[in-house]
Every structure is written in structure tokens, then in C-alpha cells.
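What follows is a short report on a single structure.
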Amino acid sequence: MEGMAIRLQGLRKSFGGTTAVDGVDLEIRDGEFFSMLGPSGSGKTTVLRLVAGFETPDRGRIELAGQEVTDLAPFERDVHTVFQDYALFPHMTVEQNVAYGLRIRRIPKAERLVRARKALAEVRLEGYGQRRPAQLSGGQRQRVALARALVGRPRVLLLDEPLGALDLKLREQMQVELKAIQREVGITFVFVTHDQEEALTMSDRIAVFDQGRVAQVGTPAEIYERPATPFVASFVGTSNLLEGEAAHRITGSAGTYNIRPEKIRVLKEAAEADEPGHATATGTVAEVVYLGDATRFLVDLDGGGRLTALQQNLETSSADVAAYRGTRVRLQWHRRHAVRLPS
Amino acid sequence: MTTDLPTAAGRGTVRRLAGTLHRRPRLRLALLLTAPLLWLAVLYLGSLAVLFVSAFWTTDSFTSQVVKVWSTDNFHALFTTPVFRQVVLRSVGVALAVTALCALIAFPVAFYTARVARPRWRPLLVVGILTPLWASYLVKVYAWRLILSEGGLADWMLAPFGLSGPGYGLPATVLTLTYLWLPYMILPIHTALEQLPAGLLDASADLGARPGRTFRSVVLPMVLPSVAAGSVFTFSLSLGDYITVQIVGGKTQLIGNLVYSNIELNLPMAAALGTVPVAVIVLYLLAIRRTGALNSL
């Protein structure tokens, strides 16, 4: 099948007695920024290592660009990896690190240097070529690792939580840069992360991992707006479940519903409640959390259960919102935002 | 109450002393280091100095009594007598050969104990490598004398191939010294290989390097300082040895033998000969300091 950079079929891998990857099927398109999102121990890193060839699967099949590579060694696969701890060679200069893959492919020295310098320029590290990795900051090392993996122009670039060790500011800046670099070079990126915000902002598509399996694959909007399981709903964004009796009373049918907090409006109890297509519920504000740009209201519903509502602080200040604590309110949301989850 | 007083006073003195020491780190350091520094200066550096000075004395050729007359005759003899020159070169050659053999044998052993063996077996293997160091030096050398003797184990094992053991002599000396000092080479290499991050090997393979290439370009350069560190032991221990060569060396003469045989008859000459290994080792240390090996000792 054309247009597929990676295809995984029935992938299984266990270490000792624990199953790390338990039947994973995935198709990753050419040129896509694809994220594998999940908590630690969900198998996402193992899948990445299987694709890179550092581990061999117990069962299943791995294809790169239509070619089966299941049993090939890492050096026989056209993928490069950006490691979580960067894994830069400490005894080489930055330039030698970047040129390492080219040196192994016996590319003439002059061309090697030109390409290594160009790759360093791509990650905005011109002039750092003669330094040692130990002389660089975390963010700089991260970009050297990226340049080293990109310079050989692999078909697929695997990134194993590459931003995990960076502080928040740098991480946000690198998210933007990574995305820009990916668009520029047009290589398929497979990005492993446990940070749902990172996955949502950067990815074309996301696979959410849960206990060695893929719980859902979709665009960030699909994952966020239409979570397929309670796990996806709670792992990506704040989960806000309406279950059992309470759900039946409000929506008219039993089941588990997820409503994102920002979709819920907080109104005065007496406010008109019968806007068409909307559902409504009354309750008491149990807690108010002032977040700066927004405020989170935790509301105990009269019909049972608790919902969280997020309101932008358009005109309210921290003092205003604090006054809501203990007051009676009416919550309102559009029915299409209450997503029914399979139980 | 009265019995408490002296104790309280005693405790007060200790507290005051402790306080004084806490406030004056230099005094603390001086108290800690005086004794060991005296030991080092008087017994170690002092005897080295005596050795060096006595190398410039001479002996009465009839009585073998030391005559404290300043002269450079001994060093002159050292550089002009062909036998001495040969022995010095042979000794350095033996030390280099032992070092090279140790490095060649130690690397695969250390690679196995540090990276291939199951993690829970590794401490046991290290203990196994260290065990020979607990046995007496003489016992081990005599064991080798037996192995290498005529019709001994070496001959017996090589006989099916139409060969015989090396017998006593220079090769036997190198072999026995290699056996004796091997643990000193394995240990630093083992440590370096154990600390080598697995991610670096993955990264090298990921960038297209086959295992041999990864070994040459990543493992070897990163472990080389530890090989040099191990060589400090194997080289200097081999250069100073004079017992092994007496037991398995046949007629082979090394510096140590010359020193030993000159001690009774010509002490100043023995001292002059004794300064040679010291000088060679200082040169060796200066040479390998460039590799950064001294940082990994």
C-alpha cells in the first residue's frame, strides 16, 4: 500500500512476565507528525524501540515503506532515533556527532562537513560544531541529537520523549521548532510523549496507548472531542464524567458521558434553561480554583455526581470568583458535547 | 549534683574543642594530615632520596665497603656497559609485552563480565577475577614453574599438537607476569564498560554502524583511558619484579636481578640501577597522562 511510512500488525512484546506491548496495529502515513501518547508503562516507548530495531517483537510484523523489517538489525533500517537522554557521543565534537551517520555511510569528508554544518544551522546551532556535548546546555544537546538524526534524511524519525528533560519555557519553544522543522524537511515523525498537551499541539494524528494496547487513533480534535474510552477521556484533558442515575436524570438515558469542562457554562440558578439542544443541571459550587486566565468551578449536582466547569476570566478577578463558593448555580452545555463512552 | 559537674565540664571542653575545629577548617585539615604526610615524606620520599643520593657513591673494590665520595661513575657505567643497556631494554620490553598481553586478554573478559553476563552474576564474576590476588605471590609463581617444567602441564597439553611448552626463559617470564597482573587490567576496563551508557551503543547502531564499527568508534575510544589506567599497574609491577624471573626465567636477567645481585657487592651500583625503573615509570606516567587515564584511576 502506498503512502504508508510504517505499518504495524499484531505487535506483541513481553519482558520477563510482563507484557509491554499487547497486540498493536498501527498505520502511520508518509510525512505525518504522529504521536504515541500514554502514561509510563503503557508500551509506547517499547513500540518505538521495536520500530527502531533495538528490540525484536515476540509476535507481529513491522513494515517500513512497504518493506518488512521485523527481523532486521537497527543499522539495516532507514529510521533514526532522537533519544530521551540524547545519547550524544561524549568523546566527539558536536560536528563529529552530527557527521557520524554520514561517516559510516562513507560519504566523502568535504560533503560530510557541509551537510553537518547545514544540519546544525537547521537547528540553529551554527558555530557550535567544535564544542563537546558536555559544554552544551540541555536544550542545545537536544538540538544536536535532532541534527544528528536528521542529517542522514531517514524515511522516518523516531523521537522518544525528546523534550522530557527540558524546562517548561524551552519545551514550549522546542515544540514550535520541532513542528516547523518537520514541515520543512517533510520526514515522517513518530513522537513518543506522556504529555497530552504536547501531543495535541504538535501532532497530525495521535495514538493513545493504554496498557500495551492502542485505545484510540485520531486527529487531536477527534481524540479530545470524541474520546473512545473512559481512559482516553481522562488521560487527554480533564475528564468530566456523568454516570449512572445522574446521567439518566439529566440526559434521559443511562450510560457514561464525558463533557469537557470548557464546554459547560456556569449560569445563575434562575437563568432560563430551555435553550434548544442544550442540557442543564443545577447544583452547588463546592470549590473554586483560580487559574489566572480561567477559573475552575467544581459543582456538586443536585441529581448526584460532580462536574467541573472552566470559565475564561473575561471580566472576573480572583476576588469575584471566590464569592461563588457555596452558591447555587445552573450548568448548561450543548447536547452534542456530552460524549457517550462505551462502558 | 557533684558527680555531674566533672562530666559536664568534660563535655564542655569537648564541645569547645569541636566548636574551635568547626570554625577553623585549616586547623582541622592540619591535624588530619600531619601524621600521614610525615609518613609519606620521611619514609617514602626520604628513602627514595637516599636511594638517589647513594647512587652517586662508590665502593672500595677490595672490601666492598661503601665510600661516600661523590661521583657519576655508576651512571656512566649504566649508559656505557652493553650488558646494562641490554637488561634495561629487555626489562622495558617485558613490561610492555606483559601490558599488551594483559590488555588483549582483559578486554574480552571485561566485556563479558560487564555487558554480556547476567547482571546478578556480575559481582560473582568480579570476585572470581579478584580471587587469585588473595593467594600468595610465591605460590602462584611456583605453580607456573610446575606448569612450565619439562614434562609439565604445558608440555603435556601441547604434546598432541606436536609442540612443547616454552620451558623456562623470557617467554615464561612474560606469561607468568601476565597471569599475575591480569586482574589489575581487567578491573578498570570492567568498570569503564559497565558505566558505558547502553544508549550510546543503540545510537551508534541506529545511525547505521555495525557492531564492529560501534566497537571501534564508540566503545574503544571511551574505554581507552581505563586501559591506560590498568597499564600503569601492569607496566610498573612488571618493571619492578625480580622474583618471577628468578623462578621461571631461566638465565634471563632483568633490572631487578641486577639490583638484587649488586646489593651485597656494590650498593651504590644497585642504587643507580634502581633509579632506572623509577625514571622509566615517571616517563610512562607523563606519557599516558595525555590520555586522561590518570583521571580514571
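The sequence lines fix the lettering, A, B, ..., with proteins before strands; numbering per chain opens at 1. Note that the structure is a prediction, hence the values are computed from the model and not measured.
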Nearest-0.5 Å distance that lies between atom [atom1] in [X] and atom [atom2] in [Y]:
| X | Y | atom1 | atom2 | value |
| --- | --- | --- | --- | --- |
| B:L96 | B:S231 | CG | OG | 9.5 Å |
| A:R141 | A:N97 | CZ | CG | 11.5 Å |
| A:L166 | A:M174 | CG | CE | 7.0 Å |
| B:L285 | B:S236 | CG | OG | 7.5 Å |
| B:T234 | B:L239 | OG1 | CG | 11.0 Å |

Checklist entry - Any side-chain heavy atom of B:V87 within less than 4.5 Å of one from B:R90? => result yes

Checklist entry - So, do A:Q142 and A:Y86 sit near enough that their side-chain heavy atoms are less than 4.5 Å apart? => result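 A side-chain contact exists here, since the closest heavy-atom pair is under 4.5 Å.
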
Item to check | Part of residues 209-217 of chain B lying next to chain A, heavy-atom separation under 4.5 Å | outcome: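 Residues B:A209, B:R210, B:P211, B:R213, B:T214, B:S217 are the ones that qualify, each having a heavy atom under 4.5 Å from chain A.
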
Checklist outcome for this item: Checked A:A145, A:G53, A:P90, A:G152 vs chain B; the most non-hydrogen pairs under 4.5 Å come from A:P90

Checklist entry - Based on non-hydrogen pairs under 4.5 Å, which of A:R148, A:R105, A:R77 is most in contact with chain B? => result A:R148

Answer with side chain, backbone, both or neither: which region of [X] has an atom nearer than 4.5 Å to a non-hydrogen atom of chain B?
| X | result |
| --- | --- |
| A:R49 | side chain |
| A:H80 | both |
| A:F89 | both |
| A:L88 | backbone |

Checklist entry - Among side-chain atoms of A:T70 and A:E68, is any donor-acceptor pair under 3.5 angstrom? => result yes

Checklist entry - Do we see a donor-acceptor contact under 3.5 Å between the side chains of A:S14 and A:D58? => result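 Yes, side-chain donor-acceptor contact under 3.5 Å.
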
